[in-house]
Protein chains: 2
Amino acid sequence: MPARARTDRGAATRERILDAAEQLFAEHGVYAVSNRAIAEAADQGNNAVVGYHFGTKADLVRALVRRHADAVDRRREAMVAGLGPDPGVRDWVDCLVRPAAQHLGDLGAPTWYARFGAQIMTDPALRPVLLAESLASPSLTAALDGLRSCLPALPQRVQRERADLCRLLLVHHLAERERTLADEADEAATAPAAAWSRTATGLVDAVVGIWLAPPTDDSETRS
Amino acid sequence: MPARARTDRGAATRERILDAAEQLFAEHGVYAVSNRAIAEAADQGNNAVVGYHFGTKADLVRALVRRHADAVDRRREAMVAGLGPDPGVRDWVDCLVRPAAQHLGDLGAPTWYARFGAQIMTDPALRPVLLAESLASPSLTAALDGLRSCLPALPQRVQRERADLCRLLLVHHLAERERTLADEADEAATAPAAAWSRTATGLVDAVVGIWLAPPTDDSETRS
């Protein structure tokens, strides 16, 4: 077999493994799924194939994150580049929230990435993989800096807390919506892009609400 | 052994099993932990003891939920009863958010219930257990009705969506804070009640921000 064909076949095998792993992880949990189960779901006779192509579970998780993160990033780059002359809080929040939802809409139905992502974000051992990928994204950094530049003054502690709250909301709400859309075949099958767009709009409203809420000073702590 | 002493010993054994199960579930995941592991952590020689006292895993989860839900409920009843003559959005949100945080503060450090609760809420098979317990709480119903009665007009779909978002935020933020407090022994050990009270205040600010955010009409859906 010529080298090119061998490479193509290797790439196709890798994609099949990633597809199988993503679905199994989303539905059964990252730790409940063995390499053997992934190999079987990917129609690979050899159980060692997952380790051969992807190394450890953390490496496999990283490969899964990366194939989506790049697409989300390109969408966000385009949104940031297309912003008007004087973007406000809502514009920057839109750049932070909408690309991930649009990406899920692009994938068609059903998707598994949001449920997989929520697990990774909740797992102390795997979360650093996701954060490392995010930190490497210039468009994400630009959107976060842009948002900070137009927020009302907030104490550092409150800023950190709200960033955490918004991240939690994004990750877990997308995962819940994905689960619902997978069950409600109607809406998902007929118009996944519209369903995800509405989800993004509701999330943007909520996240803007969080950032603009007046902070309560609780130095006189109630208990 | 007289019947009374036997009953007391049975109750003590049940409590030890619940303590062991809660910690193991929080740290390793509800599905990763076997009855055998729970029995060993509870210093019970007989592995069948968990099934004997609690039946299925769903029954054990229900018992764990119940022993905290009652305490949270009593706190919420007292808060609702103590409201002034014309409570507003913030007062009702306080009744919805603060009792769970205060309960965690009461337990001392470290706690495990918030991390356990976040798993139950995310698990399609176990979530109904938690929802059934919540539905049985008159003070929760009163606080939700009270909140609805003073909200600005919102479309039904937006109301449902925001209720989901606020529930997600509550459950997952409490779990993340619990994880952080367990790692930062300082703050947790010296003043868990104050730490949880600040957490509640930040959450109340955010949840009020979500409810009061102007909803965007996306009938002209962007895609």
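Leu168(B) touches chain A through its side chain: at least one heavy atom from C-beta onward sits under 4.5 Å away, while N, CA, C and O do not. Using a 4.5 Å cut-off between heavy atoms, Gln119(B) makes no contact with chain A at all. For Arg115(A), no part lies under 4.5 angstrom from a heavy atom of chain B.
Between Asp164(A) and Arg177(B) no salt bridge is recorded (no basic side-chain N to carboxylate O distance below 4.0 Å). In this structure, Glu161(A) does not pair ionically with Arg198(B), as no charged nitrogen and carboxylate oxygen lie closer than 4.0 Å.
Residue with the most contacts toward chain B among Asp205(A), Val208(A), Ile210(A): Asp205(A) (heavy-atom pairs, distance under 4.5 Å). Of the residues considered (Val171(B), Val158(B), Leu165(B)), Leu165(B) shows the highest number of contacts with chain A, using heavy-atom pairs under 4.5 Å. Considering only heavy-atom pairs separated by less than 4.5 Å from chain B, the leading option among Arg157(A), Arg127(A), Arg162(A) is Arg127(A).
For the residue pair Trp92(B) and Cys150(B), the shortest heavy atom distance occurs at CD1-SG, 3.5 Å.
The aromatic rings of His68(B) and His103(B) sit perpendicular to each other, their planes meeting at more than 60°, with 30° as the lower class boundary.
Checking Asp183(B) against Thr180(B) by side-chain atom types alone, no donor-acceptor pair falls below 3.5 Å.
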